[in-house]
Trainee: 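One structure, pasted below without further comment.
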Amino acid sequence: MATQAHSLSYAGCNFLRQRLVLSTLSGRPVKIRRIRARDDNPGLRDFEASFIRLLDKITNGSRIEINQTGTTLYYQPGLLYGGSVEHDCSVLRSIGYYLEALLCLAPFMKHPLKIILRGVTNDQVDPSVDVLKATALPLLKQFGIDGESFELKILRRGMPPGGGGEVLFSCPVRKVLKPVQLTDPGKIKRIRGMAYSVRVSPQMANRIVDSARSILNKFIPDIYIYTDHMKGINSGKSPGFGLSLVAETTNGTFLSAELASNPQGQGAAVLPEDLGRDCAKLLLEEIYRGGCVDSTNQSLVLLLMTLGQQDVSKVLLGPLSPYTIEFLRHLKSFFQVMFKIETKPCGEELKGGDKVLMTCVGVGFSNLSKTLK
């Protein structure tokens, strides 16, 4: 952890999670002003306040100051502590919103993190728990974060607007991360998926599976989509259904896509057939973008490369999302790390869209709070 470094100043409510996560890892305080200052309802939203409370729970000695209107936030990070934690997430955003940040922080705790998160497991905004389980966990394993206690389990499902889902995430701690060379995505060898339905007819999930297969069967025979119909207390408080699809390549790369039905009482009703078909098309689009990491996990892989040992890491990505581009700017201001970015136009060997090869040298980040056994 850095010594008392000078604090960074930002304005606006965008990229709040990025700034707080990078601040916690680098040990640099951050001040964010003008958070929705001109809005009719100014200041931090409930889900952001809940995120700050979560950071407070997993760290030790953090100082958080928020002004009365909630438009200015000062965060001075403490040490990442970990241990067993429970947290009730805001139902305005899904558990994925909180999990994405935890995936960045969990390997660097003092004690292995074991956390139960309650709230919405699948919604239309954030990556669902299913997708993070299928794509982010194998990605962390590439960096040497693995072990008995490394798991992400859905105990209960919860759909918006009521929520009521429950997820268990546990992660071991690591002193250093391995550098990676992910430059060859390989070819798609199989597609797996999960069609879930809660508080609606179990037939919904089967209808989703049939329509998704009608498109994907044209490309590859090895497709298996599980159906998951949770009953009783495990089904949360609101009805809904959805589908998450993951394509796995010969080199162990995972590309994902997902869709969920509209929340109860909002928007038009969605037919399960349309949802399955649209989700299959989204997966095909993600495969076209390609790369060794799908677009939801671009910023996670870049962060782990930055925090690696002082060695060269490379990763081949599809087109960078605007969120990732802003994340690269933040990495430069928090860690002084610049990436070498080479565009690889789609030629003979690279199918699909244009790719980007990202190269960096890790900062040699070492987990100082990990107790020596």
Side-chain angles (χ1 to χ4, degrees), residues 94 96 100 122-136 138-139 182-196 207-226 241-262 267 270-302 315-327 343-358:
S94 101
E100 277 188 302
N122 305 77
D123 73 353
Q124 297 176 319
V125 189
D126 301 292
S128 71
V129 183
D130 300 283
V131 160
L132 289 175
K133 181 177 180 173
T135 58
L139 182 62
L182 303 173
T183 49
D184 180 16
K187 290 185 161 47
I188 304 289
K189 68 173 178 184
R190 61 168 167 235
I191 294 175
R192 292 287 176 268
M194 171 72 82
Y196 56 86
R207 286 164 63 184
I208 294 174
V209 172
D210 292 341
S211 62
R213 290 193 67 126
S214 68
I215 286 189
L216 296 173
N217 271 339
K218 298 172 190 167
F219 300 97
I220 191 170
D222 187 0
I223 301 170
Y224 201 91
I225 303 174
Y226 299 88
F241 53 87
L243 171 65
S244 59
L245 291 171
V246 177
E248 186 185 344
T249 71
T250 47
N251 289 354
T253 291
F254 295 87
L255 304 168
S256 67
E258 60 171 333
L259 272 181
S261 59
N262 286 332
V270 183
L271 276 176
E273 285 79 8
D274 295 346
L275 186 131
R277 224 168 297 133
D278 293 347
C279 191
K281 287 174 184 166
L282 281 176
L283 182 71
L284 296 177
E285 192 175 321
E286 191 62 56
I287 292 170
Y288 176 81
R289 294 173 62 128
C292 291
V293 178
D294 66 354
S295 43
T296 37
N297 293 306
Q298 281 179 352
S299 50
L300 176 63
V301 75
L302 295 176
V315 66
L316 186 75
L317 300 176
L320 298 179
S321 64
Y323 189 79
T324 310
I325 291 166
E326 194 61 39
F327 189 71
T343 51
K344 301 265 180 189
C346 54
E348 284 305 308
E349 73 275 22
L350 283 175
K351 297 280 186 285
D354 294 348
K355 308 283 186 287
V356 185
L357 183 66
M358 311 287 287

Trainee: Establish, from distance only, whether the side-chain atoms of D294 and T296 form a donor-acceptor pair under 3.5 Å.
Mentor: yes
Trainee: May I ask you to check whether over 12 heavy atoms, not counting those of E285, lie within 6.0 Å of atom CD?
Mentor: no
Trainee: Could you walk me through whether L216 and L245 pass the side chain to side chain contact (heavy atoms under 4.5 Å, CB included) check?
Mentor: CA-CA 11 Å; L216 296 173; L245 291 171; 4.0 Å; yes
Trainee: Any non-hydrogen side-chain atom of D354 less than 4.5 Å from a side-chain atom of T343?
Mentor: no
Trainee: Side chains of D222 and K189: closer than 4.5 Å at any heavy-atom pair?
Mentor: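 No, side chains not in contact.
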Trainee: Short question: side chain of T250, backbone of K187 - any donor-acceptor pair under 3.5 Å?
Mentor: yes
Trainee: Would L302 and L317 satisfy side chain to side chain contact (heavy atoms under 4.5 Å, CB included), going step by step from the backbone distance to the final call?
Mentor: CA-CA 10 Å; L302 295 176; L317 300 176; 4.3 Å; yes
Trainee: Give a yes or no on whether the backbone of F254 and the side-chain of T135 come within a donor-acceptor separation of less than 3.5 Å.
Mentor: no
Trainee: Quick one: which of V131, L132, L255 gives a side chain to side chain contact (heavy atoms under 4.5 Å, CB included) with N297?
Mentor: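 For N297, the side chain to side chain contact (heavy atoms under 4.5 Å, CB included) test succeeds with only one of V131, L132, L255, which is L132.
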Trainee: Do R289 side-chain atoms and P319 backbone N/O form a donor-acceptor pair below 3.5 Å?
Mentor: yes
Trainee: Within a strict 4.5 Å, meaning less than it, do heavy atoms of the D278 and V270 side chains meet?
Mentor: no
Trainee: List the steps, then state whether side chain to side chain contact (heavy atoms under 4.5 Å, CB included) holds for I191 with F219.
Mentor: CA-CA 10 Å; I191 294 175; F219 300 97; over 6 Å; no
Trainee: Answer yes when D130 and K133 have at least one side-chain N-carboxylate O distance shorter than 4.0 Å, and no when they do not.
Mentor: no
Trainee: Please check: side-chain N/O of N251 versus main-chain N/O of T253, any donor-acceptor pairing under 3.5 Å?
Mentor: no
Trainee: With no hydrogens and no angle check, do the side chains of E286 and S295 hold a donor and an acceptor under 3.5 Å apart?
Mentor: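 There is such a pair (donor and acceptor under 3.5 Å, judged by atom type) between the side chains of E286 and S295.
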